[in-house]
Every structure is written in structure tokens, then in C-alpha cells.
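Keep in mind it's a predicted model, so treat the numbers as computed, not measured. Throughout, a chain's letter reflects where its sequence line sits, starting with A, and its residues are numbered from 1.
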Amino acid sequence: MSTIVRRTLRSSMFLLGLLALAVFAAACGGSEPTATPAKATPTATTVANTPTPSPTQGPALAAKQEFRTNLVSEPATIDPNRSAFAQEITIAKSVFNGLLGFNQDLSVRAVTAEAVPAVANGGISADGLTYTFKLRKEVTWSDGKPVKAADYVYSIKRMLGPDLAADYASFYYSIAGAEDYNSATAADTSTKATLKDKVGVRAVDDNTLEIKLRAPEPTFIPKMALWPVYPVRQDIIEKYGDKWIEAGNLIGNGPFVLKEWVHQDHITLAANPNYWGKKPALQSVTLKLLADENAALLAYKNGELDMVSVPAGNEKAIMSDPTLSKDLLRFNELTVFAFQYNVTKPPFDNKLVRQAIATAIDRDAFVDKVRNGVGKPAYSWIPPGMPDYDATMGTQYKLDPAKAKALLAQAGYPDGKGLATITFSYSDSTGNRTIAQFLQGQMKDNLGIDIKLDPQESKAYRQFLTQNQHQWALLGWGADYPDPENFLPGLFGTGAGNNHTLYSNPQFDQLSKQATTELDNTKRLQLWAQAQKMVIDDAAIAPLYYRERFWLKKATVLNLKTTGMDGGTPGDFFYAEIAIGK
Amino acid sequence: MGKYLLGRLLWMVPVLVGISLITFIIMHLVPGGPWDREKTLAPAVIANLNRRYGLDDPLWKQYAHMLGGALRGDLGVSYVYQDRSVTSIILQGLPKTATIGLTAFLLALGIGVPLGMAAAIKHNSWIDYVSVQFATIFAAVPGFILSFLLIIVFAVELHWLPTGGWGKPQQIILPSVALAALPAAYIARVARASMLEVLGQDYIRTAHAKGLPQMAIYFRHALKNALIPVLTITGPELAALVTGSFIIEQVFSVPGVGRLFVQGIFQRDYGLIMGSVLFYAAIIAFLNLAVDILYSIVDPRIRYS
């Protein structure tokens, strides 16, 4: 060949070789798993749920008590009244304290209130319509001013105001006058003012808050432990307007203060020097806003973060990594994923078809093979960790291809003949794609049915679903508060807002109506259990798996208390308890 | 020249209005809206949100309102980053994106131009082949692969540089390098080709014949002419670099405006989308104008009447 061609080849080979070497060297660096792990995959370490002794008596603590983790995306706001997303709530939970809060087992405890209102202590009236909260007198804002009942009144009425357009306002419609006030979107100022006055929240005196409901609501107590009813400072909001949430302006009554918020980069919380309660062991919490989870993982390996999420797909690699597998942090979330049928569209208007399909899904294989053992197979809609979790619920749908085929034949479609085309719609993401492909494989293998996959862009999918245009879709639900009431009527009641199965069962509606106002807790939970059974037996949905958090946490992070309802990061209900060891 | 400038500036207004109209229409045609969430919101809450952001007005009214604001310099508020003004959001992120963009631009010029020139001057030598290979490889390697490669090599393995973020001068290096790769390769190719063309011109041969030293020929006579095609691509390159790369900013977690626009689209943040589009369109229009003016300065043959 000619000199020129030979020279070109030589130099390109040389360069390609160099590049390949660089790539090879980088890829085979210490952080990647070796081809044959030294021993079998270690069993996952779960953080102990029992509280550890006070850090001062325990292991030696580091001089710098700084906890660094990744919040992934920028919170849209940290105004508790307007917060709706996990990242926002994470911040609100540390910077504010509400009347009530949660223990690690998700039972309700009193925080700024002296006690959880109950009929026994007079906090709840006999008819269940009046709630009286006695406030602890020592609660102060971070600038030293006392937190008064009036602050809660202001906050709740602000949250219910139509002008604020708070996402979670509808959760508090049980308060007398709340729904009317919140629905007065187009009313004039004076009408709005009148409706605001009619809202059943008032300060009896500086330390007593009284809330009147329009009907008894047994779940009102856990709802009062949520963030939309944290107290906020009227004078600060009026002074700074929308900028009141910026660092330096924001005043809260929680264990931490907002020290710094560099938008899109990081948020720093500092310990509140004037905190009215037990001071946190940490001096600061740095929440980075690293959008790329792979880059965040590299930052963790580089020592820049103390806790990080494991990007989907890397679970196996992490579990077989000798150093990283020791840092594993795994715990169950109160989140369940299911396949939701549109029961008005054929063939899913036939209950037998729905049941057949539910019995043809190998959930164990899904968790083991597709999710690498992260998560648990789901047969019931209500996940473990909830008060009335029933492990026997829905087990009639355990994988049984013979039974599934029989059900399908019984429905009038032997071997799937004559079945209308089935299209499975979902929001296109890496995780969802694996679920969809798994489902497609299962249907083919176990029932011989071909289904079409319909991935859609996230928001387009949401609109598609809201308008009930789907035939079969993916459904995920995480608890807002730890009660079956959050998982059932809103999703399966006739015409309910989140009901995209279009399931309509008058008996279910009747049970819901009873359970929503039943003050006897045992009886109430029984009613919900019956309601759930109806939904499962009718196969309105086919549950797939319960989600599990899969994070990495350095051994120096002590006293991290996780719950199934953790938001942006694990342990975010209890940042005040974390300490950093040596 | 003055009349030309004035004409161009006046033309920008209908162009920007046209862009805003097209964007507005497409934005509202795309399915899904800012309030479509994982958990459906109560109807009263949606009504409240629509009212708060003027989304319950008829479309033409919304557009007129937005345009009126833009003409007064008010780019609106973000729907997702609750009520922060789009201007403040952009101004917060722009310095960071621009820093990385400018650094990448200078790197790209600083590597691309000399490499291209050297390749043309030492045509068919090993310098030529190395520079062509370099240009091809770095034009082909995708941005996110290069970014992760750089992070793994320089941050995780060698611990020379941080993995990302903002605040320290070291954090500018890796993203700028990753961002400069493609423009550098492109500029090198263009510089080489145009220099080769210039070196074949008659006046260069005349200079040789007159006995001028090689360096004088290259730097005084050839360079300026060879740079004109490079200048042509500089304008759009600079505009692209300053408005930022979504991927680079995502991987290196640079809190700039590169991801802002794309995120705004995914979240259907109408306020942010419109504000960003107008802002970017204005920047690109101005940069193109600047490049055209520069032409007439660099090349006396080009005159605007």
C-alpha cells in the first residue's frame, strides 16, 4: 500500500491504541467489580430500627459534625404550606416543627403540642368534631420569639387560601369551612375574607389551638403530623413576600436553620442555636443538588458525600463490591407498584380476564432477576409497614400458569384466542421500561398473549392517564400518611380523583363511607381490610412489588433513623439525631 | 455601516416575536401541563393553580400578556420554581454556564486553530495526521462518555480534581475540557482546510517568490485570510457554548442554565420555557450580529452599505 495510507494507518492505530488503553485502564480501576467475587453476595445490612443510645455515650465523635448527602433535584420551594414534592418536604421537616410528628414506627407523637389529642385526655370531643391542641410553652422560633397558637391559625388558613394554590389543601377539607374557602377561586376579596373567617380554626389563647371538623375523621391526627400545617411566621412572609424562603429570611422553629441555598447547587442547614428542644448533634447538613445519580455515586466514592442513592441497575455491582457492600442501607418504603386495568375497556371489563392475567405474573422472578433482589413481591395493595398489612391478601394470584390459562378459557378466550389487542402504557424511564418488558415476557410465556408496549413522555403520560385513555397502565403509590385511608378511597372509590381503573363498586363505596368516619380504630381497620379485599378479589389492579430503598451510607454516619415514609433522603424525619463518628 | 446596524437591530424584533409565537403555540399543543402530577390534584386545587398563573385565561390573552411583559423586560415567573422570576433564575445560572462556555471556547480556539494551522503548514507530515485523527476522535466521542471518562480518570482515580459542583476554580476545568472537545475538533478541521486553501493562493506564491521569510508569510499574510471561515463558525459555536450543554451540566452538576431549559420543557413550566426561549433567541441574534460586524473589521473586502 502507498506510503500515505500506511502512515495514516500507523498513526491512527497508535492513537486508537492509546485511547483504548486509557478507556481500559479507567474501566478496570478499583471501583469496578472483579469478574469473580471472592465470596457469595453478602446479605443486605438493614439499619437497626431500635433507637441507639445517646451519641455522647457511644463511639467517639468526629470534630466536624457535618452530614453531606444528595437531594438530587432543586426543591421548587420550601414553604411548608405549598410544598408537595419529596425534596421540599425534606427541608421543611428539619427547619420546622409541627404540632405532631411521627415516631420511627410511624405512630404519631406530640412535638410542639403537649400531647396527642385523644378522647381520653379531652383533646378530642366525644362527637369527634372538636380537636383541642395544648401547645408547649417553651417552643420558640429561631429568632427567639415564642410560637403562638395564632401562628398555626395563620398557617392553616394561608394553606387553605385559594390564592396560594397549595397542592395539599384538599387533604384538610375535613376542617369546617375549608373546602368552601379553598374552592372560592373566582370569588371577590370580601367573599374570600368572609369564607376565611368561617374556617374552623381558632386560637383560644396563646397556647391553645382549637380546630372544628365538619364530620368526624379518625385520620385527622396523622394528617396534623404532616408538613402543610407546620406553623409559619406571618410577619416574615408579609415582609419578604415570595422571597421569605431564601436563606437569611426564613425563620422556622425546627432543629435546623436554612443557612445557605445556592440555587441548583446545594442547600446547607445549620444547627439552630436557639432550638427549644434537644439540640442536634450535627453542626450542619449539606444537601447537594447533583442531578446525575451516577456522578453522585462517584462523588460518594471520592469521599465528597456521606450517603448516596444507588442508581438503578447498579445494585448487583454494589452488592458484590467488597468495600461498598459494607455501606449498604436498605429498608422498605411504604410504596407499592401495580398494573392498573381500565375496567371499562375490553378485555379488562371481564373480571376473569383480569384475574387470569394477575395469576400469570411471576413476581418472585421480577424481584430476583429484574430488580436484583431489591424490593419484595406484592400480592396485596397495602404494603408491609402499614398498620393492617395482611400477608395473606391476594395470594390467590400467586403465579400459576395452568390456573391462569383455565381462567382465561373460562372467560371465553381459550389460549388467548379472540382476545382484543392489549396495549400497556407507561411513563418512559429506565426503571419502567424494565417492568414493561418483563410484563411482555410474562404474558407471552405464561399465557401466550402478545401485548403492545406504549412508552410515553412523563407529562404526556400523566395527562393520558388522567383522561382515562389507557387500556392497561402502570400504577405506583407512596404513602402520604401511614393509613389505609390514603391507599383506598381516593384510588378505588367511584369517581375518585386518583381512580384511573374506573373501578366502581357500590359496596366498596359504602364501606369507605363507614370507615372514613368510624372512630373505633379496630372496627375502622377491619372495614378497610374488607374494602381492600374487594378490590383485590375483583382484580381491579394486579400488584407487582413493594419498593425498597437502596442507598449507601458511610459507617461514620451514626443514629440514622429510617422510616417507610422517608422523603428526599433516608432518615430525613430525624436529621436532628444523626451524629458523625470518627 | 450605521444604517446596516440599525436595520439588523430592527429586524430582531419581528424575529423574536415570531419565535415567541411559534414556541407558545407548540408549548400549548404538547400534551401534558404543569399541574399533571403523579398523584392527581383535587379539582379545586387545579382551579386555584390555573387562576394564580393566568392559565384560565383564553390562549390569545395569555400570549398578549406574556408578550407585553417581555417588551417591558419582564420575562415572567417560573411555574415550577414557585414564582421565582425567570430573569433571576437565568441570571443566577448564566454566569456559571458562561464561565464554562467561554473557557471551553477559548480552549477550543487555543487548541483547534494552532493544530489546524500546523496541520496545513506541515501538510502530509505526522503533525497533519495526528491532528486529523484528534479531530475525528473527539468529534465522534459523545459528550457524556467523555465527561464520565474524565471524572473517573482525574477525580476518582487520580484525585487531582473534584467530580463536579461549583464554587472552586478547579471545578471549571473538567467541564470546560469536556465541552471544548467537539468545538476544538471542528475548529481544527475548518482551520486546516481553510489554511490549505489560502496557502495555495497566488499571492502566497508571490510572497515566496519575493523572498519573504516563512513565518512572515504564514502569520502576516495567510493567517488573517484563513481565519475568516473559522470566524463564520465561531458565532454559532460561541452562542451554543454560552447557552450551555445539558449533558455536561447534568454530569458535572454545574448549577447553570444548560439544564434549565430542558428541565422546564419536561416539567411543562410554561413561564420558564417562554422566558428562556426569548432570552436565548436574543443572545443568539446579538452574537450573530457581532460576528457579522467582526467580518467587516477582519476582512476589508466585506463592506455593508
Side-chain angles (χ1 to χ4, degrees), chain A residues 4 7-8 11-12 15-16 19 22-23 25-27 29-31 74 76-77 79 82 84 162-167 169-170 173 179 182-183 185-186 242 262-266 288-292 294-296 298-299 301-302 304 457-464 466 476-477 480 497-498 500, chain B residues 30-34 36-45 47-53 56 78 80-84 89 92-93 124 126 129-130 132-134 137 147-149 151-153 155-157 159 162-167 249-256 259-260 263 266-268:
Chain A
I4 297 174
R7 276 206 229 149
T8 321
S11 48
S12 15
L15 275 162
L16 272 169
L19 191 66
V23 174
S31 43
E74 159 108 341
T77 178
D79 180 339
R82 296 187 72 183
D163 295 336
L164 196 72
D167 279 23
S170 54
Y173 280 177
E179 189 171 1
N182 192 245
S183 312
T185 322
D242 287 324
V262 178
H263 288 283
Q264 308 279 353
D265 189 59
H266 70 277
K288 288 213 184 261
L289 303 170
L290 305 170
D292 191 288
N294 290 301
L298 289 172
K301 288 183 189 172
N302 205 24
E304 295 169 30
E457 190 262 339
S458 164
K459 288 273 187 194
Y461 172 69
R462 294 259 63 94
Q463 190 181 65
F464 184 73
T466 313
W477 189 265
D480 293 300
N498 276 296
H500 299 302
Chain B
V30 168
D36 285 319
R37 305 237 195 275
E38 289 271 326
K39 296 185 177 179
T40 314
L41 295 171
V45 172
N48 288 335
L49 284 165
N50 282 334
R51 184 166 201 99
R52 189 185 172 106
Y53 293 100
D56 52 356
S78 161
V80 171
Y81 298 109
Q82 295 179 359
D83 307 329
R84 285 177 56 210
I89 295 178
Q92 207 144 47
N124 285 334
W126 66 272
Y129 291 125
V130 166
V132 168
Q133 299 310 324
F134 160 83
I137 291 174
S147 306
F148 275 115
L149 212 60
I151 294 181
I152 291 174
V153 171
V156 181
E157 297 295 324
H159 293 290
T163 59
W166 192 259
E249 292 197 4
Q250 173 96 342
V251 173
F252 290 100
S253 298
V254 175
R259 342 176 226 167
L260 209 64
Q263 273 176 351
F266 281 131
Q267 290 166 327
R268 306 291 194 278

Fill in: Side chain to side chain, B:Lys39 and A:Asp480, heavy atoms closer than 4.5 Å
yes

Between the CG atom in B:Asp36 and the CD atom in B:Gln267, the distance rounded to the nearest 0.5 Å is 13.0 Å

Honestly, the part of A:Asp242 sitting under 4.5 Å from a heavy atom of chain B is side chain

Find out whether A:Asp265 and A:Lys288 are in side-chain contact, i.e. whether some heavy atom of one side chain is under 4.5 Å from a heavy atom of the other. no

Cut-off 4.5 Å, heavy atoms of chain B, and the answer for A:Tyr461 is neither

Okay, B:Glu38 and chain A: the region with an atom under 4.5 Å from a heavy atom over there is both

Applying a strict 4.5 Å limit to non-hydrogen atoms, the region of B:Ile89 in contact with chain A is neither

Honestly, the part of A:Ser183 sitting under 4.5 Å from a heavy atom of chain B is both

Okay, A:His500 and chain B: the region with an atom under 4.5 Å from a heavy atom over there is side chain

Okay, B:Leu49 and chain A: the region with an atom under 4.5 Å from a heavy atom over there is both

Shortest non-hydrogen pair, B:Gly33 vs A:Lys459, comes out as O-CD, 3.3 Å

query = Are B:Asn48 and A:Asn182 close enough that some pair of their side-chain heavy atoms sits under 4.5 Å apart?
reply = yes

Value for CG (A:Asn302) from CG (A:Leu298), rounded to nearest 0.5 Å, stands at 8.0 Å

When the 4.5 angstrom heavy-atom criterion is applied to A:Ala186 and chain B, the contacting part is both

Any side-chain heavy-atom pair of B:Phe252 and A:Asp292 under 4.5 Å:
no

Q | Side-chain touch A:Asp167/B:Arg37, heavy atoms, less than 4.5 angstrom | A | yes

Applying a strict 4.5 Å limit to non-hydrogen atoms, the region of A:Asp79 in contact with chain B is neither

Okay, A:Glu179 and chain B: the region with an atom under 4.5 Å from a heavy atom over there is neither

Per-residue tally against chain A (heavy atom, under 4.5 Å) across B:Arg51, B:Arg84, B:Gln92 peaks at B:Arg84

Applying a strict 4.5 Å limit to non-hydrogen atoms, the region of A:Leu289 in contact with chain B is backbone

| request: Start with the C-alpha gap between B:Glu157 and A:Lys301, add the side-chain angles, then the distance that decides, and say whether salt bridge (charged side-chain N to carboxylate O under 4.0 Å, His left out) holds. | output: CA-CA 10 Å; B:Glu157 297 295 324; A:Lys301 288 183 189 172; over 6 Å; no

Max heavy-atom pairs within cutoff under 4.5 Å with chain B, candidates A:Ala295, A:Ala169, A:Ala460, goes to A:Ala460

So, the part of B:Pro34 with a heavy atom under 4.5 Å from chain A: the answer is backbone

Are any of the side-chain heavy atoms of B:Tyr81 and B:Gln263 separated by less than 4.5 Å? yes

With chain A, the option among B:Ala155, B:Gly256, B:Gly93, B:Pro43 that has the most non-hydrogen atom pairs under 4.5 Å is B:Ala155

